[in-house]
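Encoded as structure tokens, the structure appears first; notes follow it.
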Amino acid sequence: MRKKIIAGNWKMNKTPSETVTLINELKPLVVNEDVDVVFCVPAISLTTAIEAAKGTNINIGAENMHFEESGAYTGEIAPNMLTDIGVKYVIIGHSERREYFAETDETVNKKVLKAFEHGITPIICCGESLTQREQGVTIDFIRQQIKVAFLNVTSAQAKTAVIAYEPIWAIGTGKVATTEQAQEVCKAIRECIAEIYDTDTAEAIRIQYGGSVSADSAPELFAQADIDGGLVGGASLKPDFGKIVNYNK
Ligand code: 13P
């Protein structure tokens, strides 16, 4: 039985001081022993967030990481900088990074490999545009993203990975995918993992849905056979996130 994992992606929101306030506000609300809870916060707030979340069930994750160990990469964050302060998760290949910061399936793969090398759990994002959905190529497109993301990743590593299926047209738009659409793609992702590896790996890997998840839509989405939780943007910055984490109560 896969444990649910519900992560907030704070994106470029909240200063370090505001981070302390929000974590203090949310920490009594996000207690649910059935769920792994992750707050992915801006790099500048990671240390503060880890301190603020000490002694709680909240895990802190980064929103990005470079694939090199160190060197002349102005403005980037190295994997050992994350592990040094106790970061456990990192979002890789979010559609906003693909769109605005030129990330590709290839850089996603390099980052995924590097995260595993350092013992950080990657939350690997995939998702189609509205045009791709309308053209009926969603599943083909997602399968390609997944196949490249997992190149040279071992089955033991893949079992611990988290995949976030986030249809681009549902992100920040208030237009949540229907439960059927979300389940269909998450199932196809699991089948793709089974093809690359085996059934054991596919059954172990956790697949989230993301895109306008709210306290209202979470219970039905997370009840689907292949949806193991969510990656939540806007609603993760509000007390509503507590309701999302407690979707089954
Ligand atoms: P919203 O929940 O704001 O649509 O954002 C989803 C997302 O991009 C999470 O990574």
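Whatever order the structure lists ligands and atoms in, that order sets their numbers, starting from 1. Treat the numbers as computed from the prediction; the structure is a model and nothing was measured. Just so you know, these numbers use all the heavy atoms, side chains as well, and skip hydrogens, waters and symmetry mates.
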_Test your reading of the structure: does Thr173 have an N or O sitting under 3.5 Å from an N or O of ligand 1?_
no
* Asked: Taking the six-membered ring for Trp, are Phe39 and Phe241 parallel (under 30°), tilted (30 to 60°) or perpendicular (over 60°)?
  -> perpendicular
Is there a donor-acceptor pair closer than 3.5 Å between any side-chain N or O of Arg2 and the backbone N or O of Glu203? yes
*asked:* Counting the benzene-type ring for Trp, do Phe222 and Tyr209 have ring centres under 6.0 Å apart?
replied: no
For Gly211, the atoms of ligand 1 under 4.0 Å from one of its heavy atoms are 4 (O), 6 (C)
Q: Say whether Ala170 and ligand 1 are in contact under the criterion: heavy-atom distance to a ligand atom below 4.0 Å.
A: yes
Query raised in the report: Is the closest heavy atom of Gly172 to ligand 1 under 4.0 Å?
Result: yes
Numbered in order shown, the ligand 1 atoms found under 4.0 Å of a heavy atom of Glu166 are 6 (C), 7 (C), 8 (O), 9 (C), 10 (O)
Between the side chains of Glu191 and Lys187, is the shortest nitrogen-to-carboxylate-oxygen separation below 4.0 Å, so that they form an ion pair?
yes
*Heavy atom of Ser212, distance to ligand 1 below 4.0 Å*: yes
*Kindly say whether Thr48 contributes a backbone atom to a donor-acceptor pair with the side chain of Ser45 at under 3.5 angstrom?*
no
### Query
Will you find, in the side chains of Asp198 and Thr201, an N or O donor that is under 3.5 Å from an N or O acceptor?
yes
* For Gly233, is at least one N or O under 3.5 Å away from an N or O on ligand 1? -> yes
Fill in: Polar proximity ligand 1 side, Gly234 side, N/O cut 3.5 Å exclusive
yes
Lys11 heavy atoms within 4.0 Å reach ligand 1 at atoms 5 (O), 6 (C), 7 (C), 8 (O)
Can a donor-acceptor pair be found, under 3.5 Å and without considering hydrogens, that links the side chain of Gln132 to the backbone of Phe141? no
Within the 4.0 Å heavy-atom cut-off, what Ile171 brings close to ligand 1 is both
